[in-house]
J.: 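Here it is, the structure, as structure tokens.
Any value given below was found using the heavy atoms of this structure, including those in side chains, with hydrogens, waters and symmetry copies removed. Each chain gets a letter, A, B and so on, in the order its sequence line appears, and its residues count up from 1.
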Number of protein chains: 2
Amino acid sequence: MGAEAAVTQLRRGAVEHCVLALLEDEERYGYDLVHELTAAGLVASEGTVYPLLSRLRKDDLVATVWRDSPAGPPRRYYALTRPGQRALDDFRVAWTGFAAAVETILHRKHQEDR
Amino acid sequence: MGAEAAVTQLRRGAVEHCVLALLEDEERYGYDLVHELTAAGLVASEGTVYPLLSRLRKDDLVATVWRDSPAGPPRRYYALTRPGQRALDDFRVAWTGFAAAVETILHRKHQEDR
DNA sequence: GGCACTACCTTGCGCCGCAGGGTACTTCGA
DNA sequence: TCGAAGTACCCTGCGGCGCAAGGTAGTGCC
């Protein structure tokens, strides 16, 4: 697995909660999220985001409403629910522990130093 | 996906390179790696590690030798190869970028603060 | 009319962690 | 002597998700 492929695998499980984090302050629509996540390097295509949003909706972590766009097709807006907020809070804790574990191993001092 | 399940997904792609990092200074054997990775919370069972080690060997990122154990069955020791070291170096860079992206989104300031 | 952009969505593939199960050797106490 | 516990290696099947690729419409401009 190359470093690129490894990052693809890392995204699993992270993207989902990053979406929740993006919805923490304001409702947003899918196409907008696609652009932001792509720019951040967290997804590679729409094919990741839309199925993910469907899952979040099915699990009641987000709620949706259709709104007309000033120009173009209508947009489906997503907003964080109470359970969604809880899931996000839990993940922040889990992420911190995970990232710390990886970094401890990745940057551990070489024992023979000095 | 709960926070636990999310971490399970996060491990994909990270565990592999953590193994390479553990081999950076010294050769080690599988059972030993299983214990260390389990203690670090990076794997949940042997069923993750042994197939992973086989993949690394197939891709020439590690080289192996059998050595007798002072007590018990013989051990297969794994050592980092040149390509393995390169893969590890690449991953450290990739990880840094990925972790930064996640943390930027996860802990971004709430715009309406103040 | 045709092209580009916006905005939604689906299907199939491939990959990997995990649970669970299996083999075999050594040691040690009953 | 026999069996349990520990060491050490391994495999198979399942499930879940990111991705590539492709599909459907509505809007606006030339």
Side-chain angles (χ1 to χ4, degrees), chain A residues 1-19 27-38 40-59 62 64-78 98 101-102, chain B residues 1-19 27-38 40-59 62 64-78 98 101-102:
Chain A
M1 192 193 296
E4 287 309 304
V7 172
T8 294
Q9 299 301 320
L10 278 172
R11 295 197 253 255
R12 290 168 168 261
V15 180
E16 172 176 329
H17 294 87
C18 285
V19 167
E27 62 173 27
R28 312 199 36 180
Y29 59 100
Y31 197 67
D32 181 26
L33 291 169
V34 168
H35 285 311
E36 175 132 2
L37 291 168
T38 302
L42 286 174
V43 301
S45 82
E46 298 187 357
T48 298
V49 180
Y50 285 109
L52 165 58
L53 289 170
S54 295
R55 288 197 300 275
L56 292 176
R57 192 157 52 110
K58 183 165 60 65
D59 295 341
V62 299
T64 66
V65 279
W66 283 100
R67 296 197 198 284
D68 282 343
S69 163
R75 302 163 170 171
R76 198 204 281 271
Y77 279 81
Y78 296 81
F98 171 77
V102 171
Chain B
M1 191 193 296
E4 288 308 305
V7 172
T8 295
Q9 297 302 321
L10 278 172
R11 296 197 253 255
R12 290 170 166 260
V15 180
E16 172 176 328
H17 293 87
C18 285
V19 167
E27 61 173 26
R28 308 188 52 169
Y29 60 98
Y31 198 67
D32 181 28
L33 292 169
V34 169
H35 286 310
E36 175 132 2
L37 292 168
T38 302
L42 287 174
V43 301
S45 83
E46 297 188 356
T48 299
V49 180
Y50 285 109
L52 165 59
L53 289 170
S54 296
R55 288 197 298 275
L56 292 176
R57 194 157 49 111
K58 183 164 59 66
D59 295 342
V62 299
T64 67
V65 279
W66 284 100
R67 296 196 196 286
D68 283 342
S69 164
R75 301 161 171 174
R76 200 205 281 269
Y77 280 83
Y78 296 80
F98 171 77
V102 172

J.: Hey, are the side chains of Y50(B) and Y31(B) touching, using non-hydrogen atoms and a 4.5 Å cut-off?
T.: yes
J.: For a 4.5 angstrom cut-off between non-hydrogen side-chain atoms, does R76(A) reach R57(A)?
T.: yes
J.: Starting at CG of L42(B) and ending at P of dG17(C), how long is that distance when rounded to a whole Å?
T.: 11 Å
J.: E46(A) or E46(B): which one's nearest nucleotide on DNA chain C is closer to the 5' end?
T.: E46(A)
J.: dC9(D) P sits how many Å from R57(B) CZ, rounded?
T.: 11 Å
J.: Map A14(A) and S54(B) onto DNA chain D by nearest heavy atom, then report which one ends up closer to the 5' terminus.
T.: S54(B)
J.: Return no unless some side-chain N or O of Y50(B) is found under 4.0 Å from OP1 or OP2 of dC11(D).
T.: no
J.: Side chain of A71(A), heavy atoms from C-beta onward: which of dC18(C), dG28(D), dC11(D) has the nearest atom to it?
T.: dG28(D)
J.: Could you tell me the separation between the OH atom of Y31(B) and the C1' atom of dT26(C), rounded to a whole number of Å?
T.: 13 Å
J.: Is there a donor-acceptor pair under 3.5 Å between the side chain of R11(A) and the backbone N or O of G41(A)?
T.: yes
J.: So what does V34(A) hit on the nucleic acid, given a heavy-atom distance under 4.0 Å: a base, only sugar-phosphate, or nothing?
T.: nothing
J.: Tell me the interatomic distance from R67(A), atom CZ, to dA7(C), atom P, rounded to whole angstroms.
T.: 15 Å
J.: Search all heavy atoms of R75(A) against all heavy atoms of P70(A) and return the closest pair with its distance.
T.: NH1-CD, 4.1 Å
J.: Output the rounded distance in Å from CZ (R55(A)) to P (dG15(D)).
T.: 16 Å
J.: Have a look at P51(A) and say if it touches a base, only the backbone sugar-phosphate, or nothing, with a 4.0 Å heavy-atom cut-off.
T.: base
J.: Determine: side-chain N/O of S69(A) to OP1/OP2 of dT6(C), distance under 4.0 Å, yes or no.
T.: no
J.: Counting just side-chain N and O atoms, does Y29(A) come under 4.0 Å of either OP1 or OP2 of dA7(C)?
T.: yes
J.: Strictly below 4.0 Å, heavy-atom distances to any atom of DNA chain D: list the hits from residues 5-12 of chain A, or just say none.
T.: T8(A), R11(A), R12(A)
J.: Roughly how many Å is it from CG in L52(B) to C1' in dC15(C), rounded to a whole number?
T.: 13 Å
J.: For a side chain to side chain contact (heavy atoms under 4.5 Å, CB included) with V43(A), tell me which candidate from L33(A), L37(A), V19(A) qualifies.
T.: L37(A)
J.: Between E16(B) and P70(A), name the one whose nearest nucleotide on DNA chain C is closer to the 5' end.
T.: P70(A)
J.: Please give, in whole Å, the distance from dC11(D) C1' to R76(B) CZ?
T.: 14 Å
J.: Check H17(B) against M1(A) and note the closest heavy-atom contact, atom names and distance.
T.: NE2-O, 3.9 Å
J.: From CD of E4(A) over to P of dG14(C), roughly how many Å is that when rounded to an integer?
T.: 20 Å
J.: Taking the minimum atom-to-atom distance to the side chain of W66(B), which one of dC11(D), dC9(D), dC18(C) wins?
T.: dC9(D)
J.: Does the side chain of R28(A) reach to within under 4.5 Å of the side chain of E36(A), using non-hydrogen atoms?
T.: yes
J.: Nearest to the V43(A) side chain among dC19(D), dA7(C), dG18(D), which nucleotide is it?
T.: dC19(D)
J.: Under 4.0 Å between any heavy atoms, over every strand shown, what does G30(A) touch: base, sugar-phosphate, or nothing? Just pick one.
T.: sugar-phosphate
J.: Are Y77(B) and T64(B) side-chain neighbours, meaning at least one heavy-atom pair lies under 4.5 Å?
T.: no
